[in-house]
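Structure first, commentary second.
Predicted model only: the values in this text are computed from it and were never measured. Order of the sequence lines sets the chain letters (A, B, ...), proteins ahead of strands, with each chain counted from 1.
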Amino acid sequence: GGGSGSSKDGGSQGKDTVTVAFRTPNWILPISAPGFTQGENAIFGQALYRSLYQYKLDGTAQYNIDPQRSMAEAPVVSDGGRTLTITLKDNAWSDGKPVTTRDIQFWYDLVRANKDKWASYRAGGLPDNIAQWSVKDDKTFSITTTKVFNTAWFVDNQLNKITPMPQHAWDKDSATAAVSDLASTPEGAKKVFDFLTAAAKDPKTYDSNELWKVNSGPWKLAKYVPNGEVTLAAQPNYSGVDKPRLAKIVLRPFTGDDAEFNVLRAGDIDYGYVPAANLSQEGYLKSKDYTVSPWYGWSVTYLQLNFNNPKTGVLFKQPYLRQSLQMLIDQPTISKVIWSGTAAPTCGPVPAKPGTNGADAAGCAYSFDPAKAKELLESHGWKVTPDGQTTCQSPGTGPNQCGDGVAAGTALNFTVTSQTGFAATTKMFAEIKSQMAKLGIQLTIKEVPDSVAVTPACKPADATCSWDMSFFGSQGSWYYPAFASGERLFATGAPVNLGSYSNPEADKLIEATQFSGDESALKAYNDFLAKDLPVLWMPNPVFQVSAYRSGLQGVEPQDPMNFMYFQDWSWK
Amino acid sequence: MTTLSEPIRPGAVPDQPADADAPVRGLWRQGLAVFCENRLALVGLGLFVLLAGICFLGPLFYHTDQVHTDLTAVHLAPGEQGHPLGTDGVGYDQLGRLMLGGQTSIIVGLAAGILATAVGTVWGAVAGFAGGWVDSAMMRVVDAMMSIPSLFLFMLLAAIVTPSVSMLIVIIGAFAWLGPARLVRGEALTLRSREYVQAMRGMGGTGGRAVRRHIVPNAIGTVIVNATFQVADAILYVAYLSFLGLGVPPPAANWGGMLSDGLADTYSGHWWLLYPPGIAIILIVLAFNFIGDGMRDAFEVRLRRR
Amino acid sequence: MSESTVRHAPAAGEPAVVQPLLELRDLDTDIALRRGTVHALDGVSLQVMPGETLGVVGESGSGKTMTALSIMGLLPPGGRVTGGQILFEGRDLRSLSADEVRRIRGVRMGMVFQDPLTSLNPTMRIGVQVGEPLRVHERVGRAEARERTIEILRRVGMPRPERIVDNYPHELSGGMRQRVAIAMALVCSPRLLIADEPTTALDVTTQRQILELIDDLREEFGMAVVLVTHDLGVIAGRADRVAVMYAGRVVETAATEELFRSPRHRYTEALMEALPESAVRESGEHARLYSIPGLPPDLSRPLTGCRFAPRCRHVTDECRTTEVTLSAGEHQHACLHPVPAGSAAPLSRPGPVQVQPVSDPAAPAAGPGEPAAEPVLSVRDLVKNYAAHGRGLLRRTAGQVSAVAGVSFDVGPGETFGLVGESGCGKSTVGRLAVGLERPTAGQILLDGTDLAGLAGRERRRMHRQVQLMFQDSYAAMNPRMRVDAILAEPLEIQKVGGPAARRARIATLLDQVGLSRRVLERYPHEFSGGQLQRIGLARSLALQPRLIVGDEPVSALDVSIQAQVLNLMRDLQRELGLAYVFISHDLSVVDYMADRIGVMYLGKLVEVGPARDVVRAARHPYTQALIDAVPSVTPNAATERDGVTIRGELPSALNPPTGCRFRTRCPLAQDICETEPPLAGDAHQVACHFPLRPESTAASARAGAAA
Amino acid sequence: MVRYLITRLGQALVVVVLVTVIAFLILHLLPGGAARATLGKEATLEQLAAFNHDMGYDRPWLQQYGMYVQRLLQGDLGYSYQLNQSVVEAISQRLPKTMVLSLLSTVLAIVLAIPLGVIQAVRRNRWPDYAITSLSLLAYATPIFFMGLMMIILFSQVWPILPPEAPQGFTVAEVLADPAGLVLPTITLAIVTIAVYSRYVRSAMVDNLNENYVRTARSKGLSERRVVLRHTLRNGLFPVIALLGMYLPALFSGALVVESLFNFPGMGQLFWQAALKRDFPILLGVTVIISIATVVGALVADLLYAAVDPRVRLQRSAS
Ligand SMILES: Nc1ncnc2c1ncn2[C@@H]1O[C@H](COP(=O)(O)OP(=O)(O)OP(=O)(O)O)[C@@H](O)[C@H]1O
Ligand SMILES: Nc1ncnc2c1ncn2[C@@H]1O[C@H](COP(=O)(O)OP(=O)(O)OP(=O)(O)O)[C@@H](O)[C@H]1O
Ligand SMILES: [Mg+2]
Ligand SMILES: [Mg+2]
């Protein structure tokens with residue numbers, strides 16, 4: 001371990017190495033298992049095993065496909081969008097063997113036979129939605145889907161999961177067995193998958209196991225300490241165009257933000273991040289020759305409302321109430337003051353194009369407006385008592401009544417389940433609580449280490465359904481793949497639709513984003529949900545505020561989808 | 001952390017036996033006298049009174065809005081816009097916040113400390129009296145829980161039940177009783193064999209009476225002294241839990257929480273968010289420890305003879 | 001000048017020739033306390049000649065220890081010598097540097113402390129501790145130090161010294177430890193040995209051994225000894241000259257015989273009269289003890305005049321005002337109204353009576369010892385074993401401690417039964433069993449004919465009214481957090497006697513009976529002196545109007561004068577209330593004074609039972625005789641007249657006691673037959689011995705006959 | 001000796017078993033099971049169910065406990081899904097770090113606490129005593145993390161002479177290879193310990209200085225120095241030995257905080273992260289290991305105490 005021993009020379013051991021503050025990745029197999037989908041694993045994976053397609057969101061490329069990095073040309077669409085034909089570029093594995101369709105077939109076989117063990121599997125998604133998978137030759141293969149999908153969606157949100165895997169090295173069920181076509185049969189595929197998974201579940205052998213020595217990525221694993229430092233070394237015979245410029249990348253984990261920042265300040269790492277509370281330190285860091293730059297994510301942030309809550313569900317179902325609640329969240333100010341400008345208002349389900357991330361809420365359907373919110377409540381039969389207890393006075397379903405299922409005298413008391421460990425989040429809810437209090441809406445804040453764990457999607461009958469609001473967006477609630485459609489967030493019964501929001505209109509629009517090739521579908525969907533408020537939109541914090549040595553080039557632009565391309569990095 | 005409540009006997013300078021005509025001096029008065037001779041104890045008492053006064057009475061004279069945030073006045077430096085200690089990240093007046101937080105800290109500390117002592121006393125006394133296998137069984141339980149670092153236990157619980165003030169009290173109380181339990185048991189064991197208990201038995205007295213009239217009154221000193229240390233520790237525990245992100249959620253403030261939030265501001269130059277709560281905690285914990293020491297002297301001396 | 005000359009009546013003027021080894025001139029010592037200061041010593045002047053033994057007596061608190069400590073320069077925290085001189089070998093220790101004093105202390109002086117249990121370093125091997133002065137002051141090597149240590153240990157009569165050196169203190173018995181302490185003091189062969197109550201914590205038999213040892217060593221080393229004690233007997237036997245202290249002053253000094261023959265100071269006189277010996281009369285009906293009223297003064301207050309004045313029979317106003325200084329001459333005293341010189345000694349103590357019975361028809365026939373009536377307490381073959389708890393790491397095979405092994409005796413109404421024996425012989429255990437504090441392993445305890453074992457619940461509780469226990473240390477026996485009224489009310493509450501009012505009344509009468517003022521009621525135990533506490537304790541045991549009181553060493557912790565008060569009180573109450581006592585003590589003279597009949601215990605067995613005077617004057621069991629001989633008598637140099645049995649060694653462990661006659665291991669007369677256990681034989685004066693010293697006195701048997 | 005050892009070991013065993021039971025019970029109070037916490041918000045119900053089944057969380061807890069104990073006996077503490085590591089591995093990876101930290105700070109603490117305590121006792125109720133007492137109480141009253149932060153600010157920011165971070169190596173050798181990095185954590189952790197120990201030493205010394213045997217020693221004309229060092233100190237230190245065993249848990253608590261402050265991923269860190277993420281196997285494992293360590297520590301301390309202090313026999317027979 002380099003550690004502080006090497007810190008004297010400012011972290012980087014010589015000029016061809018970069019030390020990065022980075023959580024230790026703990027999954028190496030390109031087929032991710034549930035629970036191992038964290039960002040660090042994705043980046044780690046890309047470094048060793050490139051996925052078939054890689055994306056960039058600057059809007060230049062077709063389907064957002066990054067022409068340089070991707071291992072294949074953009075798909076050719078035929079028979080009304082049902083069939084996509086893909087041609088591989090010339091790439092080789094680190095052991096010299098060419099990357100062929102066989103390797104992709106291999107991936108497909110494994111995934112198909114073990115989809116239930118695959119983190120990214122969704123019923124109806126890949127591979128279920130593939131009717132036919134045919135390999136033409138070493139370099140070309142074609143996919144025929146069950147229905148006609150919006151190609152952009154399919155390419156961005158489905159094909160993005162494909163990663164070529166070295167069949168010639170991995171297609172066996174034991175370390176000693178000879179490589180064969182085992183995976184071509186489902187049973188064989190299961191065996192192989194189990195073998196590979198077992199290997200992946202033994203991190204201490206990551207840097208020694210022969211399996212992982214065959215890479216397609218620009219890096220190879222030089223040293224791996226479970227939950228400790230990880231060292232990537234440049235892959236000498238890397239076949240891609242984006243050859244690494246540095247010899248070594250040292251990934252160093254930290255026990256916490258404070259620890260990380262102490263070390264950053266002491267100048268012991270080349271690339272780290274600035275905890276929100278310490279943004280005022282920008283000046284100091286600059287003086288120590290660091291560049292501080294926020295990393296905007298392809299993400300939205302929101303406050304989940306539990307529509308199925310037996311008590312408060314009925315309230316959330318009232319559009320006017322959701323609107324007035326939304327109007328009490330001063331996104332611009334919170335972003336500016338509490339997040340020190342490192343967050344930007346979320347207005348709808350589709351993130352603003354990266355870069356355009358200004359701290360204004362111009363595009364938002366409901367801007368901060370307590371007066372309007374008050375009026376809205378009063379006009380719907382609520383007696384608003386500031387700093388008191390606002391109650392429903394005229395129940396009923398009429399236009400100026402509280403609405404369906406809201407009994408007389410109902411009070412507006414909500415409990416929000418938030419996250420511990422984020423000063424900004426805590427402050428943010430203090431602010432929101434105080435705003436709501438002014439309208440007699442009582443917000444109880446309950447901070448837990450892992451809010452997702454205790455606020456599952458539920459049926460009204462469930463014991464676990466007692467939660468009102470849930471927040472897990474201290475670093476962004478949801479990061480989209482290249483195509484920001486909401487089928488997993490806001491569709492009825494969608495896996496991550498924790499609040500059980502359900503709206504036929506919304507479902508229809510989401511369908512459209514997936515199946516019609518029509519460009520405007522996404523916009524329609526966005527505009528509708530932005531208004532209908534399936535959740536309360538919250539300031540969307542940057543993924544992190546990076547701080548890196550000014551001498552370090554190629555860090556920018558930081559990829560909105562949270563990938564890090566170390567190969568682009570180099571010292572001035 | 002362990003309490004400092006190990007017996008520190010004061011010097012063996014004995015008192016003269018008061019002969020039969022000397023003025024009558026109650027045990028409490030004598031104890032008080034001794035307590036007052038321990039300067040540190042007096043300092044501690046003074047500190048406590050001062051801090052408690054500021055926290056509980058302060059708000060009556062120094063009105064601040066600790067309910068509504070004011071994002072237009074965040075991180076004001078001390079003195080600015082009439083905030084003697086400045087404001088915090090959402091515009092709360094820091095001085096007022098300290099008072100509020102002090103209330104929580106002191107209440108949690110006292111309540112948890114007392115709860116722990118109460119539980120421990122009962123447990124220890126029962127074990128000490130029952131003796132035999134009951135005793136050893138009960139004590140093994142204590143050993144077991146003691147062999148798990150208390151902070152770990154608190155963390156576990158705090159991670160389970162989302163801490164509110166009352167919850168915090170219960171959590172800490174539920175695990176801090178081990179020390180007192182051991183202490184009281186030891187006390188009970190020795191007291192049980194004291195000659196005056198024998199004498200009472202010799203008059204046909206029952207075990208129950210032994211406990212009521214002899215053991216409890218004599219163990220009470222130890223217990224009270226221990227309680228003060230428990231309080232001090234409880235306050236520290238809250239601080240640690242807050243540091244680990246398991247403290248009381250906003251807007252309920254407590255010094256521990258304010259301090260650990262302040263840590264984030266270490267380099268931001270907002271010193272008024274870090275040092276005041278830090279110093280406050282140190283002072284209150286100091287105060288209780290000093291008081292504890294003084295009380296120990298008092299309780300011991302007042303019973304010494306020749 | 002030879003030993004003997006010093007020993008016998010040092011002629012006047014001799015001190016001029018030889019310069020004293022140690023001389024104190026107007027020594028003042030203060031001890032700073034939390035509240036005020038204690039003027040522990042006030043103008044103490046003493047002389048110690050080379051090779052002589054100076055006895056320092058006085059009751060507790062009189063300043064004996066402080067004198068010793070002042071000389072050694074070992075005053076407790078806050079203690080300071082504020083005035084006067086300490087001339088040792090002509091040099092004033094106060095004027096010397098601390099280091100010099102230290103050397104002198106280590107090399108030229110040695111000191112033996114009272115409590116052998118605590119005065120040795122528990123975690124240091126005996127050898128190291130004893131040898132330390134050699135290593136420090138004489139810089140001798142380890143090996144040599146060890147050699148000389150073994151040597152000195154041998155000289156203090158330590159068995160197997162070469163083994164002992166590697167032991168730790170807690171592995172030795174009290175007597176052995178005291179020997180170690182002495183060895184430690186003597187290892188540098190000092191000129192002066194200061195022994196502060198060297199034997200107070202020991203049994204009479206051991207005490208005798210130690211005292212003799214000190215005597216021998218003194219002659220052997222030709223050193224001077226300052227023997228500090230509160231026991232006049234000890235002084236009388238051992239000292240050449242005596243200094244009597246009272247309230248931080250020397251009130252009288254004289255040659256031992258001179259002093260005991262004709263004490264001049266009224267305090268000394270009173271002290272002697274307070275001794276039980278002095279009140280023992282041949283007739284069973286002993287004289288009332290003279291008891292000095294009141295308490296010694298509180299030394300933290302300014303005092304004027306003669307300090308004994310408040311308690312003195314012959315006090316005049318003059319005494320209270322004028323400072324009295326020591327008179328000049330050989331026999332110095334500080335008293336304005338001294339006992340006229342040459343008046344008869346207060347002590348008319350006869351030597352040991354001859355075997356022929358004393359025929360005194362008056363006393364015994366009507367004597368309270370008359371066991372005619374149904375006995376209040378009768379004990380039958382009482383056995384008590386304790387499981388010897390494992391000894392920490394080295395769990396010795398956890399055997400049984402045979403604390404009491406088949407003891408039988410009766411106590412008639414209004415009778416006092418004395419129980420004597422060395423420490424650890426089972427006296428207290430018998431006591432605790434008798435009052436039902438513990439359950440016997442075997443045997444019966446009949447109270448008024450009813451067996452305790454049979455009782456339970458209410459009966460058992462009511463039984464406790466009949467018999468009460470009186471403790472040696474009343475302070476320990478009283479809840480320090482209870483006020484006296486609560487303490488006295490407790491038995492009544494427990495036994496549910498009367499209502500609050502009645503109880504208050506009862507308490508009042510109790511206080512009157514034990515002679516305490518009502519004002520004590522709202523005080524706490526720690527505010528009382530030993531004597532007062534003993535009275536309160538007595539009052540408590542009387543509260544339930546028991547028929548029998550078991551006193552476990554009720555006066556052992558008290559000074560002679562206070563002891564006299566308590567003893568008188570007990571006798572008076574006995575007379576008034578017709579109480580019966582079981583009087584436990586290790587002090588024969590006290591038992592002799594108090595008891596009608598005496599039982600002598602040895603290792604859990606009764607070896608001799610009989611009428612007090614017969615047992616004391618005409619002991620039949622060699623052990624009893626040994627005890628009697630061991631008791632230091634106030635008759636000066638009585639030791640020389642002693643011919644009787646002296647026993648060596650110490651009480652064997654009660655863990656696995658000797659078979660047969662348990663005394664045989666120490667008995668001078670022991671023979672093979674003693675391996676069989678002798679029965680307790682005889683009519684009135686029974687003895688359990690194969691070789692009784694004497695046949696039973698006819699008088700005794702006659703009385704027994706009358707009884708039958 | 002043997003008998004004592006056996007009984008003592010028996011007790012120790014009981015304690016450890018109880019620990020597992022207690023830990024188990026607590027963990028089964030956890031709401032919102034481990035599954036979501038582990039698999040994240042994207043996990044499907046099927047995946048959650050599968051997870052719970054694999055980990056056995058769907059069984060009745062008694063059965064789970066049974067299985068756990070079974071595996072425990074084979075030295076298997078289970079597998080942490082989140083770390084993708086067997087618990088034994090995870091612990092053996094971190095234990096050395098915590099050990100080094102605890103050991104160093106303990107040693108430092110003892111080395112400093114003893115003289116301090118002695119000075120306090122010898123100068124009792126005079127200014128050195130008051131000064132040290134106040135200081136040690138001050139140290140005790142300061143939350144470790146605050147103390148540690150002050151250290152960092154002072155010695156690696158304001159006056160940068162020491163690294164703000166502990167050595168990153170994972171083996172003892174690696175850790176020790178960078179002494180500079182160990183200074184701040186060790187001192188931070190030691191300071192509180194010093195406070196506690198010095199007061200124990202003080203009281204023990206005070207007691208002993210009032211013992212009669214000290215007077216005896218003086219009467220032998222020994223220098224005050226010798227009296228204190230040769231006679232009192234030894235006896236005064238014995239209770240501290242016993243304390244060492246008892247103090248272990250507190251030490252771990254402290255280590256937990258220090259670790260997170262100085263980026264020193266040891267046992268405490270492991271436990272904390274596990275607690276936040278509901279990583280049951282780790283939580284149990286760490287608890288068991290630490291309690292075993294504590295029990296053994298106490299045992300050793302006891303035996304040591306008994307071995308060095310001849311009085312113990314007396315005390316035991318008395319107790
Ligand atoms: N450590 C001490 N602190 C304060 N006062 C003391 C201390 N030791 C003794 N005294 C007081 O000094 C006076 C003389 O005490 P000292 O011990 O010399 O009496 P003593 O004759 O030795 O009594 P005893 O026979 O009980 O040993 C008494 O009034 C006693 O109360
Ligand atoms: N509770 C007990 N457990 C075990 N052994 C005991 C207990 N009480 C007394 N003994 C033992 O019984 C024997 C007699 O003890 P006891 O106290 O009756 O003697 P004693 O004559 O009163 O001695 P002393 O004169 O010192 O009071 C001793 O060997 C003692 O060690
Ligand atoms: Mg004395
Ligand atoms: Mg006794």
Inset, instruction - With a 4.5 Å cut-off on heavy-atom pairs, point out which of D/Arg218, D/Glu211, D/Arg215 contacts chain C the most. - result: D/Arg215

Inset, instruction - Quick one: do C/Leu93 and C/Arg105 satisfy side chain to side chain contact (heavy atoms under 4.5 Å, CB included)? Show the steps, please. - result: CA-CA 10 Å; C/Leu93 296 184; C/Arg105 189 192 308 154; over 6 Å; no

Inset, instruction - Please check if the side chain of C/Thr429 supplies one atom and the backbone of C/Ala403 the other of a donor-acceptor pair under 3.5 Å. - result: no

Name the option with the most non-hydrogen atom pairs under 4.5 Å to chain D; the candidates are [options].
options: C/Asp99, C/Asp115, C/Leu120, C/Val112; value: C/Leu120
options: C/Met72, C/His137, C/Met111; value: C/His137
options: C/Met109, C/Arg103, C/Met124, C/Gln129; value: C/Met124

Inset, instruction - Using the side chain to side chain contact (heavy atoms under 4.5 Å, CB included) rule, pick out the option among C/Thr199, C/Val228, C/Thr200, C/Thr65 that qualifies with C/Gln114. - result: C/Thr200

Inset, instruction - Name the region of D/Arg230, side chain, backbone, both or neither, that has any atom closer than 4.5 Å to a heavy atom of chain C. - result: both

Legend entry - Segment of D/Thr232 engaging chain C (4.5 angstrom heavy-atom cut-off): neither

Inset, instruction - Could you look at C/Leu69 and say if it's the side chain, the backbone, both or neither that has a heavy atom under 4.5 Å from chain D? - result: side chain

Inset, instruction - Decide yes or no on side chain to side chain contact (heavy atoms under 4.5 Å, CB included) for C/Glu138 and C/Cys188, but give the supporting numbers first. - result: CA-CA 8 Å; C/Glu138 300 184 12; C/Cys188 288; 3.8 Å; yes

Inset, instruction - Could you check if a side-chain atom of C/Glu171 sits within less than 4.5 angstrom of a side-chain atom of C/Ile126, using non-hydrogen atoms only? - result: no

Legend entry - Ring centres under 6.0 angstrom apart (D/Phe271, D/Phe252): no

